[in-house]
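A, B, ... follow the sequence lines: proteins, then strands. Residue 1 opens every chain.
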Amino acid sequence: MKEYNHLKIESKWQKEWEKKGIYHAENPTKDGASNSKKPKYYSLIEFPYPSGEGLHVGHPRPYIGMDIISRKRRLQGYNVLYPIGWDAFGLPTENYAIKTGKDPRVVTKKNTDTFRKQIQSLGISFDWSREINTTDPKYYKWTQWIFLQFLKKGLAYKKKMEINWCPKDKIGLANEEVITRSTGSGQAGYCERCGTPVEKREKEQWMLAITKYADRLYKDLDEVDYLPQIKLGQRNWIGKSEGAEIDFKIKDSSEKIKIFTTRADTIFGAFAVILAPEHELVQKSKSQIKNFSEVEKYLNEVKKKTDIERTSEDKDKTGIELKGLKAINPVNNEEIPIWIADFILVQYGTGAVFADMHDERDFAFAKKYKMSMRQSVMPLFEDKVHPWVKDKKIVERKAIHAVIRKNNGDILLLYWKGEEWKGKPPVTFVIGGVENGENLIDAAMREIREETGFLNLKFVEQLPISTQSRFFAAHKDVNRIANVTCLVFDLINEDRAEVDKKEKKLHDWKFVSVNKVAQDLNIEDDKLFFNYLNKPSTFVGEGVLIDSGKFTGMPSVEARQKIIKEVGGKIVTKFKLRDWVFSRQRYWGEPIPVIFCNTCGTVPVPEKDLPVELPKVKNYQPTDSGESPLANIKSFVDTRCPLCKGKAKRETDTMPNWAGSSWYYLRYVDSKNNKAFAGKKNLEYWLGNDQVVGGVNWYNGGNEHTTLHLLYSRFWHKFLYDLKLVPTNEPYMKRTSHGMILGEGGVKMSKSLGNVINPNEIVKTYGADTMRVYEMFMGPFDQSVAWSTESIIGARRFIEKVWRIQAKLVNDFERSGRGRDPENRGPEKLFTSEAYINLKRLLHKTIKKVSEDIEDMRFNTAVSSMMILATEMEKAENVSVDDFKMFLKILSPFAPHVTEELWSMLGEKKTINLSEWPKWEESLIKDEEVKIMVQINGKVRGEIIIHVDEQKEDVRDKALKDADIVKYVEGKDIKRIIYVKGRLINIVL
RNA sequence: GGGCGAGUGGUGUAAUUGGUAAACACGCCAGUCUUAGGAACUGGUGGCGCAAGCCGUGGGAGUUCAAGUCUCCCCUCGCCCACCA
């Protein structure tokens, strides 16, 4: 037997495959039909950003994963497109250029060459003939072209925007270049490179109106097969919320305030209208605002803060009342104050809200400025026990206090103050003594202090955890509910006589456990009930209205509709999603193809003049005024207006890095086309004709790209679909994510930490096949795993084991029809032997498992099952060639080189990569005899072998006869027997 | 603060979805082979116990004949989002 030499084998087959082009996807013929009559399959990975750090072992994991899918599809008879390219515009290269003065083109060329070489050594079945690069003018010509289509349709527009500005570097910063640090008063942003605090600056920016597509981007998620968490991420980002716009009149003024709310049912509790500081009303009503000078001071303070400061979590909400202005609540004509506050965002909704105590932010704000609040909604409590209580219950205020008293150390009693009910439980009762902003516990504590003189009262949650646990252990019955609100009296240092006196006073009150209150009221959800009692102010769920005039008692959902109607509000849908800032004052990006002419205005560059090539510059630093370095290149800026031929200037902003990656999957289908971004026939073939879904069959990428990149490319795709330039509504049918590979020890792999593992090192010592198998085996594909060079040897041993099996091979007599094996281990013997049959069974089980696991990306368990098979084959005296070949086929997507070598050594002339995926035989998978567990009272006491189809009674008899079992059962009654078919039998004594 | 996910041997992890916990692999121990070392192969390897056996999936309760898996409470970690009315 030849020795396994991965170096020779791998480079040999990589050359051979490239020479024969077996991974080249076939485009359709001119009439649009498939060349090969095979169905198409388009599998996609996120194309890499070729950084100067080079490839590390984390990069290839997703490529290998999709490679396995793609290779399996080829064996299943698909015409597979599995392409790769470079997302090469990017900040690191640009910053490197600023620092060193090196041309990013040169750097990028070098980096992509390195990456390509590294990736090619792994034997991934990419179609390299379609390689693309976003920085190639032939590519970005079409990125610019698509931008012009946006411009034509009015979806690209210019707007003054605030950007992050580093005053030292004189450069606009992308959000990812701003680092946030905590300061005394919240958080602030700093320049990533020089640490200077970031300032705000207004700049005219190109915008793309993605909000026009918000609704469709949201709705169409129903149609695609993305992992649930990915859909959720998309939905959260788009942030759809249905609500109403309601006008509040202003007293003694013709002005109105339009507010947005999703909870119109809480309007009876409105105690103020709060505006964003930028709200137009502030300036419009200048003359009526009595404290305008103070207001102005406040506005200036707000203006100074950056967005980060303004929205940081630990920051106090601030605001100021607009004195002299009153808003009129349209539902009851109440006059309420108007405030401005920095936590109201001008860009969301209408930039104005009414405040109610059920909103946590409003509540906190009102508490801080000591505004008076009123409750308007409360939860409903269901009474299912008492037939006379038909409706859900409204619990009003009368008096429920929860108190815990000490008794030999701790006592536990929950206090209910109020009249005891007799017979029927009261349907309503009222919580008393709860003042503005005070919760039930505070109120109870205060009252008890006042009445009894107990000063050392504690809320159970204020005790150390260990004490709490002991406490609840001693009072198991109340544990479940009482742990939220128990009060503890600390009597340790008190005079005994004094305590007795106080306790007597306390006993004059009525003590009832809260469980009992809930129980007596038949309140089902006693936890909700209790939480509500505890903190009525911040109850935010759907409930029923209270103190709301004719709406009192109405469920909030119903009331919401009616109130909106009553006050003439308009039902609207709002989105969090904001338009996409589509320009940067930076060098390394696609120039935005627009010309400014003094007579004609903003003029798009004619399509025939595309691409607008990125000119060479000497200095990559933006200008002192913050324009892109292109602004210094006279030959670029100065041009002629395409319309009037007069003197004009070019736009010097460039596109953001997301631009090129928003449509790259379209270019792959026709990467050399110079008449269109891709030909129609190819698009229809590769994306499919199904307008509803269609698109790339399977797209796998990183978690970090499942919101923005995915959303942006869906947006572009839908736009192109509307222009009838792509055949499908959605770009990707199916999307999954992979987990990262971390450095040894579980930290991120990075050059600065010095824990980067270069895949080439691994390929050199262990081979690409070993590395591929290991990366798939190391853990679940969608989870992060720490790299371990120590463990990789296991994958190598597996490959070597497979290699050694060739020494065991014999022809399968029945299938080959050839004569006797000369070496007296005759084929008949092999064919009939039990070992042979068992091995064949195992093979078919493995085929099934691997086939199914690949579809779910459970590569780790697929590898594990093949390891078991390899071990069994190696142990066997003989292995049938045909069986071994089947094994090679299912292993080939994981380890393409070694399987190809073994395949050809067995005399096969055609590549294993285009053979066919084996099918498992159902009859060989079903076991006839199975081992089942015998349990006594749920504990395993023995095992027996039965025939699968045996009846419960027979299995029982067999089990009871078993020697291990007899001793347990003897002299005892059998109460019950549970038989789980083919698994276990449980005898309950 | 919100959302999502996770916690299982010394390590990476598996568990047919409520049915033998730890498959597979790394490591470790012993053996075979070898001049030696390594590689490879074979066997062993959750804890306590001489043993029968008992305990064991972050902690605590519960449902069940049966819980890693379901329910409730608590703790810890990771990711994403972050004042979205």
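- Going from atom CE of A:Met867 over to atom C1' of B:A23 covers 12 Å, rounded to whole Å.
- Rounded to whole angstrom, the span from the CG atom of A:Leu711 across to the C1' atom of B:C80 amounts to 15 Å.
- The partner of B:G56 is absent, by the rule that a Watson-Crick or G-U pair needs both atom distances under 3.5 Å.
- Here the side chain of A:Ile868 is nearest to one of B:A23, B:U42, B:C41, namely B:A23.
- B:C80 atom P lies 12 Å from atom NE2 of A:His705, rounded to whole Å.
- Base-pair partner of B:U13: not found among the strands shown (Watson-Crick or G-U wobble, both distances under 3.5 Å).
- Defined by atom type and a distance below 3.5 Å, a donor-acceptor pair is present between the side-chain atoms of A:Tyr348 and A:Ser241.
- Side-chain proximity of A:Arg797 to B:C65, B:G3, B:A40: nearest is B:A40.
- Pair assignment for B:U42: B:A30, on the basis of Watson-Crick or G-U wobble contacts that are both within less than 3.5 Å.
- Put simply, NZ on A:Lys258 is 16 Å from C1' on B:A85, counting in whole angstrom units.
- Between the P atom of B:C81 and the CG atom of A:Leu708 lies a distance of 8 Å, rounded to the nearest Å.
- Taking the charged nitrogens against the carboxylate oxygens, A:Lys926 and A:Glu922 have no contact shorter than 4.0 Å, which rules out a salt bridge.
- In this structure, the side chain of A:Asn986 does not engage the main chain of A:Ile978 through any donor-acceptor pair within 3.5 Å.
- Note on A:Ser241: a side-chain N or O is less than 4.0 Å away from OP1 or OP2 of B:A85.
- Nearest heavy atom pair, residue A:Phe781 against residue A:Met857, reads CB-O, 3.5 Å.
- At distances below 3.5 Å, at least one donor-acceptor pair connects side-chain atoms of A:Lys952 with backbone N or O atoms of A:Ile977.
- The partner of B:G5 is B:C77, by the rule that a Watson-Crick or G-U pair needs both atom distances under 3.5 Å.
- Atom P of nucleotide B:G53 and atom CD1 of A:Ile936 are separated by 12 Å, given to the nearest angstrom.
- Using a 4.0 Å heavy-atom criterion, one finds that A:Arg796 contacts no nucleic acid atom at all.
- Remark: A:Lys931 engages A:Glu943 in a salt bridge (Lys or Arg N to Asp or Glu O under 4.0 Å) (not counting sequence neighbours).
- A:Arg263 is listed as a side-chain neighbour of A:Arg560, based on a closest heavy-atom distance under 4.5 Å.
- Pairing for B:A23 is absent, judged as Watson-Crick or G-U wobble with the two contacts each under 3.5 Å.
- Across all strands shown, B:A61 forms a Watson-Crick or G-U wobble pair with B:U71, both key distances being under 3.5 Å.
- Nucleotides B:U64 and B:U71 place their P atoms 16 Å apart, quoted to the nearest Å.
- Between the CG atom of A:Asp782 and the P atom of B:C79 there is a distance of 16 Å, given to the nearest Å.
- For the pair A:Met776 CE and B:A25 P, the interatomic distance rounds to 18 Å; values are reported in whole Å.
- Under the Watson-Crick or G-U wobble criterion, with both distances below 3.5 Å, B:C50 has no partner in any strand shown.
- Under the Watson-Crick or G-U wobble criterion, with both distances below 3.5 Å, B:A82 is left unpaired in every strand shown.
- The main-chain N or O of A:Ile210 is found under 3.5 Å from a side-chain atom of A:Asp579 such that the two form a donor-acceptor pair.
- Remark: the backbone N or O of A:Gly739 is not paired with any side-chain donor or acceptor of A:Ser784 at under 3.5 angstrom.
- Between the side chains of A:Tyr226 and A:Thr706, no donor-acceptor pair is found at a separation under 3.5 Å.
- Heavy atoms of other residues, nucleotides or ligands lying less than 6.0 angstrom from NZ of A:Lys570 number 12 at most.
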Summarise protein proximity over nucleotides 6-15 of chain B in one line of letters, 5' to 3': B for base, S for sugar-phosphate only, - for none, counting protein heavy atoms closer than 4.0 Å. ------BSS-
Protein-nucleotides 18-21 of chain B N/O pairs under 3.5 Å:
from, atom 1, to, atom 2, distance (Å)
B:G19, N2, A:Gln935, OE1, 3.3

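- B:G9 shows a glycosidic angle within 90° of 0 and is accordingly assigned syn.
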